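Keep in mind the model is a prediction, meaning the values are calculated, not measured. In what follows, chains carry the letters A, B, and so on, assigned in the order in which the sequence lines appear, proteins first and then strands, with residues in each chain numbered from 1.
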Amino acid sequence: MKSEELFKVEQEEWIPEISLKNNFQLADIGLVAGVDIAYWSEGEADFGVCCIVVIDYISKQIIEEVEYYGQIDVPYIPGYLAFRELPLVKEAVKKLQSKPDLYMFDGNGYLHFRKMGIATHASFYLNKPTIGVAKSYLKIKDTDFDMPNNEVGSFTYIKVDGEIYGAALRTRKDVKPIFISCGNWIDLETSIIITLHFVENNSRLPITTRYADLATHESRKKYS
DNA sequence: GCGACAG
DNA sequence: ATCTTGTCGC
């Protein structure tokens, strides 16, 4: 499916259904936050720093940036990313002065073998809609994804046992797709529209996630 | 035991 | 995620 078609249905006949699935109206989205974490180690101890970058949906200007770093004592286990990263995320969120209407995570939401990736898990602490934006594919029950066409905005649904878990989205031509899934209180189509809205010409990632990623790299230099 | 494996 | 040089391309 192409993004132009998505926009069309989003603004026409799908609106009633969308409004049942989202707990908000797209037009009411003002501030969107990008969340990411970078790691380093000191001897035997592992440390991480979480950065949150808040961006205005319309102007795409950065409204606020916060960071929080600390020791990490939970190992990375595929499927359990939230338990490793959320402690830092929660502390970073406490430092926010602004109130984001939506959060975008580096990782999956519903596209997860227990339908509970970090984006979904985090939503219960944030009480805000969340979107999962992953750079690589987390395979669920031997389900491979279909490669979307090589055209900006093209995507393919990822179905497991007939149920849609997420989408492989081509955000830039000639560049690998990224994997979008619902975190919570938002539907997949709206998640894709918002993601594409924040993609610019220098990265396949939306600037929310991209800026948060760059910020963590800068923060790490200070602390390590 | 072997392979796969978001970040 | 992180360790890292050069290199191909817009």
Side-chain angles (χ1 to χ4, degrees), chain A residues 33-53 67-92 103-123 130-145 150 152 155-158 160 164-169 171-184 188 191-192 195 199-206 208-224:
Chain A
V35 184
D36 195 22
I37 289 178
Y39 299 92
W40 71 93
S41 55
E42 295 176 13
E44 295 296 272
D46 292 326
F47 288 82
V49 58
C50 172
C51 288
I52 300 178
V53 177
E67 62 177 14
Y68 181 87
Y69 80 97
Q71 192 168 338
I72 302 287
D73 40 33
V74 179
Y76 169 64
I77 301 172
Y80 296 81
L81 180 63
F83 296 99
R84 176 173 167 85
E85 301 200 333
L86 284 187
L88 290 184
V89 173
K90 288 193 231 174
E91 293 302 323
Y103 290 78
M104 297 176 79
F105 282 82
D106 201 323
N108 296 305
Y110 201 79
L111 183 55
H112 180 276
F113 47 79
R114 287 187 304 282
K115 306 178 178 179
M116 191 59 68
I118 186 170
T120 308
H121 196 149
S123 74
T130 58
I131 299 174
V133 181
K135 295 183 291 297
S136 61
Y137 181 57
L138 175 62
K139 203 172 192 177
I140 300 170
K141 288 198 280 187
D142 293 320
T143 301
D144 288 309
F145 71 91
N150 187 14
V152 174
F155 66 90
T156 56
Y157 286 115
I158 297 169
V160 179
I164 295 175
Y165 276 56
L169 174 66
T171 55
R172 298 194 60 200
K173 183 173 170 56
D174 298 323
V175 179
K176 292 187 301 182
I178 59 177
F179 304 87
I180 305 301
S181 58
C182 304
N184 207 347
L188 184 55
S191 299
I192 291 173
T195 299
V199 171
E200 298 190 332
N201 299 317
N202 49 352
S203 172
R204 69 180 169 132
L205 298 176
T208 42
T209 303
R210 175 60 177 159
Y211 289 168
D213 183 52
L214 293 174
T216 58
H217 289 10
E218 290 305 312
S219 295
R220 182 172 53 193
K221 291 179 184 174
K222 298 191 302 183
Y223 300 124
S224 63

Open item on the list: Are A:Thr143 and A:Tyr137 packed together at the side-chain level, in the sense that at least one heavy-atom pair is separated by less than 4.5 angstrom?
Closed with: yes

Task: Any A:Tyr39 side-chain heavy atom under 4.5 Å of A:Glu85 side chain - done: yes

- [ ] Go through B:dG7, B:dC5, B:dA6 for me and flag the one nearest to the A:Ile118 side chain.
- [x] B:dA6

Task: Side chain of A:His217 - closest among C:dA1, C:dT2, B:dA6 - done: C:dT2

Regarding [X], tell me which of base, sugar-phosphate or nothing describes its non-hydrogen contacts under 4.0 Å with the strands shown.
X        : value
A:Tyr39  : sugar-phosphate
A:Tyr80  : base
A:Gly79  : base
A:Asp106 : sugar-phosphate

Give the rounded distance in Å between these two atoms: [atom1] of [X] and [atom2] of [N].
X        : N     : atom1 : atom2 : answer
A:Lys176 : B:dA6 : NZ    : P     : 12 Å
A:Tyr137 : B:dA4 : OH    : C1'   : 13 Å
A:Leu205 : C:dA1 : CG    : P     : 9 Å
A:Tyr76  : B:dC5 : OH    : P     : 10 Å
A:Glu85  : B:dA6 : CD    : C1'   : 9 Å
A:Lys221 : C:dT2 : NZ    : P     : 12 Å
A:Arg220 : C:dT4 : CZ    : P     : 11 Å
A:His112 : B:dA4 : NE2   : P     : 20 Å

Task: Gap in Å between the two C1' atoms, one belonging to B:dC5 and one to C:dT2, rounded - done: 16 Å

Open item on the list: Is there a side-chain contact between A:Lys139 and the phosphate of B:dC5, meaning an N or O under 4.0 Å from OP1 or OP2?
Closed with: no

Open item on the list: Please tell me if A:Ser41 has a side-chain N or O lying less than 4.0 Å from either OP1 or OP2 of C:dT2.
Closed with: no

Task: Smallest separation among heavy atoms of A:Ser123 and A:Asn184, with atom names - done: OG-ND2, 2.9 Å

Task: Row check, A:Tyr69 ring normal vs A:Arg220 NZ/CZ: under 6.0 Å, within 45° - done: no

Task: Per-pair stack call A:Phe179 and B:dA6, 5.5 Å, 30° - done: no

Task: More than 12 heavy atoms of other groups within 6.0 Å of A:Lys139 NZ - done: yes

